[in-house]
Asks: 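Let me give you the structure first, and then I'll get to my questions.
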Amino acid sequence: MLRYLLNRLLWIPVVLILLSLVTFVISRLVPGDPVKLAAGPQARPEQIEKMIEEFGLDRPLPEQYLRYMGGLLQGDWGYSIGNRRAVLPDLLTYFAATLELTVVATVFGLLVGIPLAVVAARWRDRWPDHLSRFVSIGAVSVPVFWIAIVLQLVFGQLLQWLPVSGRFDPRQSYPQSITGILLLDTLLAGNLSGFWTASRYLLLPALCQSLLVIALITRQLRGDLLDMLRKDFVMVARANGIQERILWSRYLMKNAMIATVSMLGFLIGFALGGSVLIEFVFDWPGIGQYATKAALLLDFQVIMGSTLFIGVVVVVVNLFTDLAYRLVDPRIRFS
Amino acid sequence: MASSVSNPSSRLARWREDHASQLSDLRRGLFRFARNRLSLLGLWIVVAMLAVAVTGSTWVPFPGDTLGDVHMDNRLQPPNATHWFGTDDAGRDVFTRVIVATRTSFQVGLIILGVAISIGVTLGAVAGYVGGTPNQIIMRLTDVMLTFPGIFLPMALAAALGRGMVPAMLALSVTWWPGYCRLVEAQMLKVREEDFVAGARAIGASRWRVIFRHILPNTLTAIVVKASMDFGFAVLALASLGFIGIGIQPPEPDWGSMIALGRRFMPGAWWISTFPGLFMFVMVLGFNLLGDGLRDLLDPNATVK
Amino acid sequence: MKRRLQNPTQALVADFQSGRISRRQFLQTLAMLSGGVALAACAPAAPAAPPAASSAGGITPQVMIYGGSQDIASIDPSDRTDYSINAVMRQMYDRLFRFEGGWPQPIEPGLAQDWSASEDAREWTFQITDQAKFHDGTPLTAEDVAYSYQRTLRAQKQRASLLMGYLDPENVVATDNTTVKMTLKTPYGNFDRLLAFLEQPIVSKKVAMDNDQGGDEGAAYLIDHEAGSGPFAQGNWQIGQVYELEAVPDYWQGWPGAGRLAKVVWRKTEDVATRKTGLLSGDFDMADTISVNDIEEINGTGSHTAEVNFGLLAGYLKMNTQEGPTADPNFRKFLAHSFNRQAFSDSQMGYVKLMTGPLPEGVPGYDPNLEPQYPYDPELAKAFLDQSAYKEGGIDIDFVYVSGLDFEEAAGLILLDELKKYNITLNLVPKNWPDIVGACSAPATGPHIGFIFDQFPPLADTWLVEKYWSGSWDRPTGGSFQACSFYRNADVDLLLDELRVTTDAARAAELVATLQAAIAGEAPDVPIYVSPNVVGYNKRVKGYNYFGDISVDFWRLWMEG
Amino acid sequence: MRELLVDIKALSLEMVTLDGVARVLNGVNLTIHRGDLVGLVGETGCGKSVTAMSIPQLVPQPPARYSGGEVRFLGENVLEKSEEELRRLRSRHIGVVFQDPMTGLNPVFSVEQQMVDALLSKQDLLAATAWGRRWLPSSRMQRRHAQERAIALLRRVGIPEPEKRIHAYPHEFSGGMRQRVLIAMAIAGRPDLLIADEPTTALDVSVQAQILRLIAELVREIDLTVLLITHNIGLVAQLCNRIAVMYAGHVVESGPVRSILREPQHPYTRGLLQAIVTEKTRRGTLQGVPGSVPSLYEPPPGCRFAPRCREARPQCTAALPRSIQTAPDHQVACVLYEE
């Protein structure tokens, strides 16, 4: 276990170097003149030169990369030409919102997806299976930005049940930031009405984002369960007279949970990937929105920073799911 | 059995005999596929969409509306007998534009996957066949590319490459290959150990000949299944970029940008974005149902013994 | 358009802008008037009299939720770009002048109670009030004013550019506690208007220096902390999440309305439809940049108003006068007369003010009777086309615009539809803004036609120089997007050189008139329209008065309960 | 006469697959008396396992479908029993040991949990002690009790240090040990019948012998009746007292081990026995049965062995041969003995 952990940890710098190389290459493809944009329309030559120097764009590429890497390691991820702020603190702020959305969406997805998968496997090739198949394939097929708009239209504008944009009711006083995750912040502050408000704002975006998770978990887990059903231990359990109900709720459930844990990193990655469009539509101040705006503004330090940051998050999440999987699966835990 | 190789019927017969087990697998698969109503539904959707894509521009009521005609005196009409899906903010017929956009979607889907598969298969073949350091380099790069979730990377790349359809397609293509690369590499590693490759090498076939004649055809089915699923996703991804505002080229209609445009007129003129979204959903659903059915069909574990 | 001329200062400014009086007359009269105005303005702030007019009116201060279309990322007084940032800076800081009083922008005294220029318009002296104090309680002095300008000139960011042409940091000095003196590099008669437009916020020198990190003059701190003396102080402020302004009840200039606001919450909502929905559902009391498509719906509610005003945000089809078919003036005129303005106006529900020449209405010297005015006229267009080398058509030209802006796309589609008749293909090329800025660097990369919006101070020289002076694009660092016509006319260049330094108002007016005619005759661009500024608000909101900016001045607003 | 435990009469079973309907069992007759040790032999795919698993009704339906005959266990037709009755039958009366010990235990539960559950289930106590009720004092006592019994059982099947090993997870056991665990679970309810479906096929040769010895010991000690499924006639010869030979869904010959080994009567049985290498086998005389098993989708008419039979004659294909008693307790289904 320790050796494995060490091995994985040693790999991380290599992956990070490759990640930063990819993002660096992309950022150097940026055409036009972001510096000119940053300097403003009436910029004078000395302003532009000063900025080019500040960004180090006058240096040879390898040197630029080394400078960039050096900055990364010291927590200097450059600064945004769009909002004039340092990239890393902004990434951390926006990430809290994205994290909140992603975690809630993943939990949603699991809550719906796992039962759907179990039902599909239990009644294979019967109508529950077909239904779950249709739901999961439908969920990945629907353009997420479109369904988001439709939900806004229906629940926000026609029924007026739920708010359609932002994170919190502007009429209530905004919770003081402790973690940046509003659900947690309001709970920590004992602010139940705030918690309720934050949940209402979270509901629609999380629902949209969970679609992909539902789809993936249902298809994958159904397959895993069917594979398990073919295993002899199911037969042994039946031969020992263990009731179907207990077989499913106790034996297969645990196997399914372990299979789910092994997929968790993958799922969270997917949910994160969906955040770009969801945040765009719901005006959710997260990393997806930050990155989208940067892409439209050719804010290259932010493009680089947010892409890299998301890559790092996925690497870390994968590492943690791997560890979690190793902790819950006795086959690996005790070997 | 006739030994004359030139006789086509006997050649066919011999081919059938040689591939008897594959053929029977295929038969079984088709049976299973045909029994699955959802897969069939997917097939029909794809066929119908393809027909719409190919013929659409010849029968839509207002072909000019996709070529730059504007009718500012006819803006934002709700659906009616003339304009089944209503008109948009430039007075253009939404039905016409939705139908014609089907063709665009097919084109971009094909191009994106074509480029991605070419890159992925080539790199995967090299990695899987050559092994060693090249394999390590290619596969680590693949891992890294797969680390970026969703459209983060294509978005960054498309933005960097500039605006319009071509950069967007290029960005999607060059971020889409890792899946194929991994697939082909895994298949290569598996297949190259098998006997017939050893046999082909023993009779002195060149490396590349072995790759192209013997190994790649064996990975083809896996690629086809993946591609059929990916097609819908490629269309979705491009529309997503279009929605954000990267990768559109008016007056050519595009579902993603139509939805984005319609969003400004919500909820009053709901029809501008509702119909393109619905069409896109149906098409992607069709491809996914089909792909899912194909996967079942070609997955050896899925066939009942 | 609103012109409220009750106030003598405003009347004077209007006279000056329309060229009825010379700059010197203007300044002299203003100097006379300003004492009185200043007294009037200061009266409520005098320690003896409690300032809050609101309490007098008996209207309880309310919290206002404002739906803005942009985020407020940075509030560094030396680094401002977005309108949203200016909107809150205007509330947290005081400036030398105010101009929120109405439109066209009259200069009203702010911190500067009185000001004057030397004969050659190079030495400018400002008398600073001694009433103002920062939110931390320290009094605001001339030293803070001088420091604020120096700091911006040193930082060399964004809005500093216009100032840098006239000033170096050492040219700004505080000669005593209430006097600031600026010495310009070149004479400039309209310098006070430029300063008013630039709205340099006056920051507390002490706070900036106390928070200095490695010589950044407090930049890292001031990016999300204010150190100003304005009517509102910074409240709950979490970047990207929440921006709140808390009223300062005893603000030194008092509160001009019958009541005042207690607090303003700036709620960033980028999507235009969501902003409207939020307004109508009661989430917002007020929202800016409302779509013209939503005006009828909002006005139809009875409870809400969408107010349309036309300021100085003007859209042009800028044509590349150096490269491609558009280098031919006849072809440019053909394009100009081919653009169906009425159809475009229809596409914007009629909420446009079509332009007739290079300058928008509202800029002093604007000539409403200029010829030609580029009416839509296919016959005339055809005549110009026949004189060009492209009689037979068969060419492709690019129409570049900002992707996602539906009104720009509509303009492109209208032109595309028309040009098909002449066998000319118009490629609509949506680009993101930075790409356009980059492309406008040089004629070789510049688009054939670019749909570009310009906005300058209401000073004819700035408008004409930035857009039509060849030095604005033919320079080592490349041109700005405003000069994307790459216009070069030696005569025009000469006239512009003269305009920039002349201190004689009559000569200036003459030059502006000549320049407009000369430029319009060559059609380096097609002036299309002044974009409407639509602000929607609940009728409970009182005191709104358009003053040329997208956003509103919260200081003047109040809400009925 | 000893008690008749299992009586399978003319059992027919079909499998519905994508290729059509496979007639897997075609009128199988088989009897097992208490105390018997029956070896069920035949080639792969001949229906041995399906026949055996029909007794506790462990053949998944669908795809399987019983199309005729009956399976009587202690006189009652199991084909007519309800799911709950079957469950009791399985838990109390019949133990099953499967072929592959590697997948027979759930990898994510400890051996203890699985054995305790199995034991409680056999006493119908599992539902009452599971989930929410798990922490009730009575449940805990039941579980502790079951745990003690599980340790005793593990000790009995030859697992060293069972008190410690019981807490281990399946992957920590070798294949042989896992099979012992599975046997322990199978005999935990003191079943009337133990079905061992090729229990040693997946194991090393050295381990095979140990497992067989264990079964033999258990038979002696706890008076177990065993149905041993195997394709290894040698094994049957050593261990069993009766043999049933199956071919393509039909029992072609059955009888006492001695009788059949000495005088095999069905041509298939003879072929099978000739394929065995013994010390008497002379070089060059090793023979198998030529040809291959017929398709179950389109079985040949009449005797299914006829196409491969050296002694086939015209009437073989006319109808399925009757079962004929040729010696005491020795039946054969072949037209050769019809005269």
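Here is how names work: the chains are called A, B, and so on, in the same order as the sequence lines, proteins then strands, and each is numbered from 1. What you see is a predicted model; the values in this text were computed from it and never measured.
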Asks: Find the one option among D/Asn106, D/Asp117, D/Ile195, D/Leu89 whose heavy-atom pairs under 4.5 Å with chain A are most numerous.
Replies: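 Of the candidates given, the most pairs with chain A belong to D/Asn106.
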Asks: Side chain, backbone, both or neither: which part of D/Leu105 has a heavy atom under 4.5 Å from chain A?
Replies: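 Contact with chain A: backbone only.
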Asks: Flag the pair D/His93 / D/Leu193 as yes when at least one side-chain heavy-atom distance between them is below 4.5 Å, and no otherwise.
Replies: no
Asks: Regarding D/Gln57 and D/Arg90, is there a side-chain donor-to-acceptor distance under 3.5 Å anywhere?
Replies: no
Asks: Please look at D/Gln114 and chain A and tell me whether the side chain, the backbone, both or neither of the residue comes under 4.5 angstrom of a heavy atom of that chain.
Replies: both
Asks: Flag the one option from D/Glu83, D/Arg92, D/Arg87 with the top tally of heavy-atom pairs under 4.5 Å to chain A.
Replies: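 Of the options given, most contacts go to D/Arg87.
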Asks: With only heavy atoms counted, which part of D/Ile94 is less than 4.5 Å from chain A, the side chain, the backbone, both or neither?
Replies: backbone
Asks: Using non-hydrogen atoms only, which part of D/Pro107 is less than 4.5 Å away from chain A: side chain, backbone, both, or neither?
Replies: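 Contact with chain A is through both the backbone and side chain of D/Pro107.
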Asks: Could you tell me whether D/His145 atom NE2 has more than 12 heavy atoms of other residues or ligands within 6.0 Å of it?
Replies: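 No, the 6.0 Å shell around NE2 holds no more than 12 heavy atoms from other groups.
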Asks: Taking the side chain as every heavy atom from C-beta outward, state whether A/Leu116 and A/Pro128 have any atom pair closer than 4.5 Å.
Replies: no
Asks: Under a 3.5 Å threshold, yes or no: a donor from one side chain and an acceptor from the other, between A/Asp185 and A/Thr179?
Replies: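 Yes, because at least one side-chain N or O of A/Asp185 sits under 3.5 Å from a partner of the opposite role on A/Thr179.
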Asks: Within a strict 4.5 Å, meaning less than it, do heavy atoms of the A/Leu203 and A/Phe108 side chains meet?
Replies: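 In contact.
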Asks: So what's closer than 4.5 Å to chain D heavy atoms on A/Ile242: side chain, backbone, both or neither?
Replies: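 Both parts, backbone and side chain.
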